[in-house]
Amino acid sequence: MKKVLYTDMDMHVMQRIAAELLKLSRLPVLMIRKSDHPEDKHLYLVMGEKRRDDMVSYDVWIYNDSFQSLNSGVYNLTLAQALKNMSERVYECEHTLSS
């Protein structure tokens, strides 16, 4: 089984995210809180993996647990691009909160 990083997440949230990814034929790779700000406690960054034949691509979304949905997806990334996208979204959120 693939290792998945979960940080400060409720088991029920992880299960809901995994279920949403399975609907899209994606495997969960990474799930983290979007920020530590109390007003963002329902937002998570999620990376999913898609395998097709011998090709692997990654997608990144924001999961909103209030609506139990994946939003703002960026698709067909390499692993490096997906990790960069996630780090930019975290930085963007932290920068906005500190302004």
Side-chain angles (χ1 to χ4, degrees):
M1 182 169 177
K2 183 177 282 256
K3 290 187 178 183
V4 180
L5 174 65
Y6 304 106
T7 306
D8 187 26
M9 294 183 66
D10 178 89
M11 179 64 75
H12 295 96
V13 173
M14 293 185 307
Q15 291 171 340
R16 287 191 290 272
I17 292 171
E20 288 298 310
L21 290 173
L22 286 175
K23 290 178 189 176
L24 300 171
S25 301
R26 304 299 194 273
L27 298 172
V29 175
L30 182 64
M31 302 177 196
I32 60 172
R33 292 269 315 270
K34 184 160 172 53
S35 82
D36 290 331
H37 193 277
E39 292 180 11
D40 290 339
K41 68 181 181 182
H42 62 288
L43 299 176
Y44 299 86
L45 288 172
V46 177
M47 183 190 307
E49 177 184 275
K50 179 179 181 180
R51 291 183 175 267
R52 175 185 257 167
D53 301 321
D54 60 346
M55 303 282 293
V56 178
S57 65
Y58 299 88
D59 306 328
V60 177
W61 298 270
I62 295 173
Y63 177 77
N64 184 328
D65 196 44
S66 294
F67 299 109
Q68 297 183 5
S69 65
L70 295 166
N71 303 293
S72 303
V74 180
Y75 303 94
N76 298 316
L77 304 172
T78 64
L79 180 58
Q81 291 170 328
L83 290 169
K84 182 178 180 197
N85 183 275
M86 289 187 82
S87 67
E88 288 170 350
R89 290 183 190 216
V90 169
Y91 174 78
E92 178 182 283
C93 183
E94 289 177 357
H95 182 71
T96 301
L97 292 174
S98 64
S99 298

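None of these values were measured; they are calculated from a predicted model.
Using a 4.5 Å heavy-atom cutoff, the side chains of I62 and L70 are not in contact. Within the 4.5 Å cutoff, no side-chain heavy atoms of M31 are placed close to those of Y63.
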Could you walk me through whether V90 and K34 pass the side chain to side chain contact (heavy atoms under 4.5 Å, CB included) check?
-> CA-CA 6 Å; V90 169; K34 184 160 172 53; 5.8 Å; no

Residue pair V13, Y44: steps toward the side chain to side chain contact (heavy atoms under 4.5 Å, CB included) verdict = CA-CA 9 Å; V13 173; Y44 299 86; 3.6 Å; yes

Does the pair K50 and D59 meet the rule for a salt bridge (charged side-chain N to carboxylate O under 4.0 Å, His left out), with working shown?
-> CA-CA 8 Å; K50 179 179 181 180; D59 306 328; over 6 Å; no

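With sequence neighbours excluded, the residues that form a side-chain contact (heavy atoms from CB on, under 4.5 Å) with Q15 are M11, H12. Applying the side-chain hydrogen bond (donor to acceptor under 3.5 Å, both in side chains) criterion to D54, with sequence neighbours excluded, gives no partner residue. Listed by chain and residue number, nothing satisfies the salt bridge (Lys or Arg N to Asp or Glu O under 4.0 Å) test with K41 (two or more places apart in sequence, or in another chain). Applying the side-chain hydrogen bond (donor to acceptor under 3.5 Å, both in side chains) test to N64 and every residue at least two apart in sequence or in another chain returns nothing.
The structure places CG of N85 at 14.5 Å from OH of Y58, a figure rounded to the nearest 0.5 Å. Distance check: I32 CD1 to L43 CG gives 12.0 Å after rounding to the nearest 0.5 Å.
Residues in residues 68-85 take part in these salt bridge (Lys or Arg N to Asp or Glu O under 4.0 Å) pairs, two or more places apart or across chains: K84-E88. Pairs of residues two or more places apart, or lying in two chains, that qualify as salt bridge (Lys or Arg N to Asp or Glu O under 4.0 Å) and include a residue from residues 62-74 are R16-D65.
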Show which side-chain atoms of residues 18-25 pair as donor or acceptor with protein atoms under 3.5 Å away, not counting sequence neighbours.
from: E20; atom 1: OE2; to: K23; atom 2: NZ; distance (Å): 2.9

N/O donor to acceptor pairs below 3.5 angstrom from side-chain atoms of residues 72-80, sequence neighbours left out:
from: Y75; atom 1: OH; to: W61; atom 2: NE1; distance (Å): 3.2
from: T78; atom 1: OG1; to: Q81; atom 2: N; distance (Å): 3.1
from: T78; atom 1: OG1; to: Q81; atom 2: OE1; distance (Å): 3.3

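For the pair R51 and E49, the tightest heavy-atom approach, listed with the atom from each and the gap, is NE-OE2, 2.9 Å. Nearest heavy-atom pair across M86 and V46 is CE-N, 4.0 Å.
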